Amino acid sequence: MEGEIVTKPTILHLDSFELTATDIAEVPIEVLHAHSIGVRWPHRAEDWQFLLKVGRGIVLQDEIGRPVGSAMWFPYERDFATIGMVITSPRLQTFGTARWMMDHVMQDAGPRVFGLNATSAARRLYLSLGFQPEATLYQCHAVAQRPPDGPLPPGAALRSIEASDFPALADLDAQAFGAGRAALLAKLLDVSKGVALVRDGRIEAFALCRRFGRGHVIGPVVASTDADAIAVVRPHAVDKAGRFLRLDTRERDGAFFAFLAECGLSVYDTVTTMALGGNGIGAPKPGIPRTYAVATQALG
Ligand SMILES: CC(C)(COP(=O)(O)OP(=O)(O)OC[C@H]1O[C@@H](n2cnc3c(N)ncnc32)[C@H](O)[C@@H]1OP(=O)(O)O)[C@@H](O)C(=O)NCCC(=O)NCCS
């Protein structure tokens, strides 16, 4: 049933292990935190707390309560969802755990279009489930350096985001993302600093920045041109100079990527954006807003 929460324990026998599936909302944060640290993911307990506010999922636990698997899904508008936080503990990998969890969360989510960002370890699993590769996402991070000052794009002014900007931001984000996700954006705004680019009284680009993992992450960033995207990211990069900063982007060529290098951000890893049942991320169109940086790999 759509959106049904796992209330009764589901038992999975795997090799010599008997695993119990539990609603992720019932699992203590410190257990989830230890689980993601086990595969060297940088999430803090607070990052898990945020994900639990905006998504649902399951955890597989062994007989003594140790987590060995997790998977989440994040509902958006227009029957779309992203899937993320798919992790199998190293000792139980390649036994079919992740496939079982994927089947479970997709059934829980009901008929939808699904999107995700696949690590190289997970790519084959998602391909075998019918997901199609759409784009490469570049995870850029480093201790940031202060970028040089630059002129604002013609006709543009920058200002901090205010609560009253929410409808305009949600609309811009939905155009770029391809599905509305106002509920997520509202929660991101609660924990982020935001910069908006305004022309003729209208917000045309924005960038949010918040604590995440080892430092701060900039995202989402929505803009229609490289110049506008650079303009909204620059104040965050200046603010975080000398500190650990991350930004995940699909822009590999052009001025925006070159600007990331000026901030000291280099590509640490790449993942593949994949979708099941969607029309795909089309080629960027001039003048149409697009996502220059994702909120996180799990949220898109
Ligand atoms: C990616 C990950 C979740 C896979 O979990 P898993 O429980 O080992 O996956 P499964 O056993 O269900 O395997 C699913 C498929 O991938 C294949 N596979 C799994 N690990 C593999 C490996 N190391 N090399 C080659 N194929 C592999 C399996 O053979 C299986 O293929 P099939 O469906 O064609 O038989 C796990 O490796 C992991 O947690 N990695 C670290 C975190 C991560 O990258 N998560 C993915 C986020 S998108």
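In this chain, numbering begins with 1 at the start of the sequence shown. Every number for a ligand or one of its atoms is a count from 1 in the order of the listing. In this text the structure is predicted, and so the values were computed from the model without any measurement.
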Among all protein heavy atoms, pick out the one at the shortest distance from [atom]; state its residue, atom name and that distance to 0.1 Å.
atom                    : value
atom 19 (C) of ligand 1 : Thr94 CG2, 4.0 Å
atom 11 (O) of ligand 1 : Gly96 N, 2.6 Å
atom 4 (C) of ligand 1  : Ala98 CB, 3.8 Å
atom 44 (O) of ligand 1 : Thr119 OG1, 2.6 Å
atom 39 (O) of ligand 1 : Thr88 N, 2.8 Å

Please determine, by modelled atom types, if [X] and [Y] share a side-chain donor-acceptor pair under 3.5 angstrom.
X      : Y      : result
Asp103 : Gln107 : no
Arg252 : Thr136 : no
His35  : Ser70  : yes

Is the closest N or O pair between [X] and ligand 1 shorter than 3.5 Å?
X      : value
Val86  : yes
Trp41  : no
Val39  : no
Tyr126 : no
Leu92  : no

So, [X] side chain and [Y] main chain: donor-acceptor pair closer than 3.5 Å or not?
X      : Y      : value
Asp226 : Ala255 : yes
Ser89  : Arg91  : no
Arg234 : Pro148 : yes
Tyr126 : Asn117 : no
Asp23  : Ala25  : yes

Tell me, yes or no, whether the heavy-atom count around Tyr268 atom OH, taken from other residues, nucleotides or ligands under 6.0 Å, exceeds 12. no
Got a protein heavy atom sitting under 4.0 Å from [atom]?
atom                    : answer
atom 13 (O) of ligand 1 : no
atom 46 (C) of ligand 1 : yes
atom 24 (N) of ligand 1 : no

Using a strict cut-off of 4.0 Å, indicate which atoms of ligand 1 neighbour a heavy atom of [X].
X      : answer
Ala118 : 48 (S)
Ala121 : 1 (C)
Ser128 : 33 (O)
Ala122 : 1 (C), 46 (C), 48 (S)

Measure from atom 26 (N) of ligand 1 to every heavy atom in Arg124, Gln93, Arg99 and give the option owning the shortest one.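 Among Arg124, Gln93, Arg99, the closest heavy atom to atom 26 (N) of ligand 1 belongs to Arg124.
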For the residue pair Pro67 and Val59, what are the closest heavy atoms and their distance? CB-CG1, 4.0 Å
Would you name the heavy atoms of Ala207 and Ile218 that are closest together and state the gap between them?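 Smallest heavy-atom distance, with atoms named: CB-CG2, 4.4 Å.
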I'd like to know if Asn117 contacts ligand 1, where contact means a heavy-atom distance under 4.0 Å to any ligand atom. yes
How about Phe80 and Phe177: are their ring centroids closer than 6.0 Å?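 Distance test on ring centres: under 6.0 Å, yes.
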